[in-house]
Amino acid sequence: MLRHWTWWLVVAIYSILLLAGQTAATLLQRFYYNQGGNSKWMQTLTFSAGFPILYIPLLLTPSTSSYTEAKQPLIKISLIYVALGLITTADSLMYSYGLLFLTVSTYSLVSTTQLAFNAVFSYFINSERFTHLTLNSIILLIFSAAILGVHSDQDPSSSSNISGGKYVLGFMLTLAASATYSFILSLMELTFQKVIKRQTVKAVLEMQIYTALVSTVGAMVGLFASKEWKGLRQEMDGFGKGRVGYVMTLVWASVAWQVTNVGLVGLIFKVSSLFSNVISTLGTPIVPVFAVFLFHDKMDGLKIISLLLGLWGFTSYFYQHYIDYMAEKKEKLQENGRPMENEMSALL
């Protein structure tokens, strides 16, 4: 009984970290652009540069010197971290361009397609199965994004005069970033299952720290190779909230993304990549609501329809997960010779 509730408590904590961090980070990144920021590589850097703060909980986490941990394939794990980190850098750059060319509400709604992509990748990589509810979820989320794709964003609230070409580019890059993001989640789940094989908080923190380290190096190389670093001083001086506001925006965005990623990786570790993506998608209606008040984004009829379709798709998938969970519990209880009614009474 206690073990069951402990599991749900940990899942709830990871979910809160993911939702709170994702909302704050997305809004801070849009704020950066609204106030005059324009460096895509600097934005990409914020996705991972805050990883040093994770050393605090890592050092406070008790170390286990078990035989299993001692036998970890160091070279294989290192190569996996490098690959994940570099893919994350490319993914973060696409998200940065998407957020530059789209309003927060549009960007957030297009990002809901990551759940559909994740369902496909999980089927082929993690051996997840499709059901009619899962398929229904995928179709709804695709329609949700398609509505935005054919709807030229003419919001007067947009922080810049975004041309139709830039809108399409932003839409396509955000869509591609969502697919890449889902691919990363499935690879992380596969790594936990086949390589790391450790059920510890330390394993979660290590994966996030080392992949973020590689991603940060990749973003730094991009920042200097693109020569965007030469304009950072001028960008800082021209920032709407001043130089201190510029630094604080980037610092807190970096911290928020690390909070997000800890919650994300934690849910992959505790449940699955699909479940972590469902919780991430749950945050979709949160960001546009805040964006309406903070950035005066316009929520027109098509965006509301897109939002409702996205929520319907999320609900459909979540209900399928609930059915699978109850079926698995029933099967385990039958194997142990315990009636389902007694277990449900204990849970309630």
Verify same cluster id: V259, I56 (apolar side-chain graph, 4.5 Å): no
Whether S276 side chain and I268 backbone form a donor-acceptor pair below 3.5 Å: no
Rounded distance [0.5 Å steps], CZ in F183 versus CD1 in I87: 5.5 Å
W41 backbone acceptor or donor facing E228 side chain under 3.5 Å: yes
Side chain proximity check, N136 to W312, heavy atoms < 4.5 angstrom: yes
Mutual orientation of the aromatic rings belonging to F101 and Y97 [parallel < 30°, tilted 30-60°, perpendicular > 60°]: tilted
From I77 atom CD1 to I196 atom CD1, the distance as rounded to the nearest 0.5 Å: 5.5 Å
Check: S186 main-chain N/O paired with N126 side-chain donor or acceptor under 3.5 Å: yes
Same cluster (ILVMFWY, side-chain, under 4.5 Å), V214 and L264: no
Heavy-atom closest pair, residues L205 and P57: CD1-C, 3.8 Å
Under 3.5 Å donor-acceptor, R243 side chain and G238 backbone: no
Non-neighbouring partners of Y81 that pass ring-ring contact (aromatic ring centres under 6.0 Å, His included), sequence neighbours left out: Y210
Donor-acceptor contact below 3.5 Å, side chain Q258 vs main chain A49: no
Short side-chain to backbone donor-acceptor contact, Q35 and Y246, under 3.5 Å: no
Any side-chain donor near an acceptor of the partner, Q22 and S280, under 3.5 Å: yes
Test item: Y14 and V11 side chains (from C-beta on) under 4.5 Å apart, heavy atoms: no
Backbone of S215 reached by a side-chain donor or acceptor of T89 within 3.5 Å: yes
Flag side-chain contact, heavy atom, 4.5 Å: W229 against M42: no
CD (Q193) with more than 12 external heavy atoms under 6.0 Å: yes
Inter-residue atom distance L59.CG - L54.CG, 0.5 Å rounding: 11.0 Å
hydrophobic_cluster_shared for L18 and L9, side chain cutoff 4.5 Å: yes
Transitive ILVMFWY side-chain link I13 to I16, under 4.5 Å: no
Parallel, tilted or perpendicular: ring planes of F192 versus F269, cut at 30 and 60 degrees: tilted
Candidate pair F47 and T88, rule side chain to side chain contact (heavy atoms under 4.5 Å, CB included), full reasoning: CA-CA 9 Å; F47 279 95; T88 300; 5.8 Å; no
Inter-residue atom distance L267.CG - M188.CE, 0.5 Å rounding: 12.5 Å
Test side chain to side chain contact (heavy atoms under 4.5 Å, CB included) applied to Y32 and L100, step by step: CA-CA 10 Å; Y32 166 81; L100 174 63; over 6 Å; no
Expected output: side-chain T260 to main-chain G21 donor-acceptor under 3.5 Å: yes
More than 12 heavy atoms of other groups within 6.0 Å of F31 CZ: yes
From OG1 (T216) to CG (L223), nearest 0.5 Å: 12.0 Å
Rounded distance [0.5 Å steps], CG in L86 versus OG1 in T211: 10.5 Å
Side chain to side chain, K194 and E189, heavy atoms closer than 4.5 Å: no
Verdict with reasoning, F224 to K230, per side chain to side chain contact (heavy atoms under 4.5 Å, CB included): CA-CA 8 Å; F224 283 94; K230 294 182 178 180; over 6 Å; no
Check: Y95 side chain, A90 main-chain N or O, donor-acceptor pair, under 3.5 Å: no
Flag if over 12 foreign heavy atoms under 6.0 Å of OH, Y123: no
Non-hydrogen atoms of I209 and L58 that approach each other most closely: CD1-CD2, 3.7 Å
Within-4.5 Å side-chain heavy-atom neighbours: Y181 and N277: yes
Considering all heavy atoms, the nearest M207-T191 contact: CE-CG2, 3.8 Å
Residue pair A219 / L45: nearest heavy atoms and the distance that separates them: CB-CD1, 3.6 Å
Heavy-atom pair of closest approach, residues L99 and T26: CD2-O, 4.0 Å
Minimum-distance pair of heavy atoms, taken over all atoms of M94 and A177: CB-CB, 3.7 Å
Main-chain N/O of Q114 paired with S182 side-chain donor or acceptor, under 3.5 Å: yes
Audit row: T46, Q29, side chain to side chain contact (heavy atoms under 4.5 Å, CB included) steps and yes/no: CA-CA 9 Å; T46 63; Q29 284 197 294; 3.5 Å; yes
Beyond-backbone contact of V82 with S78, side-chain heavy atoms, under 4.5 angstrom: no
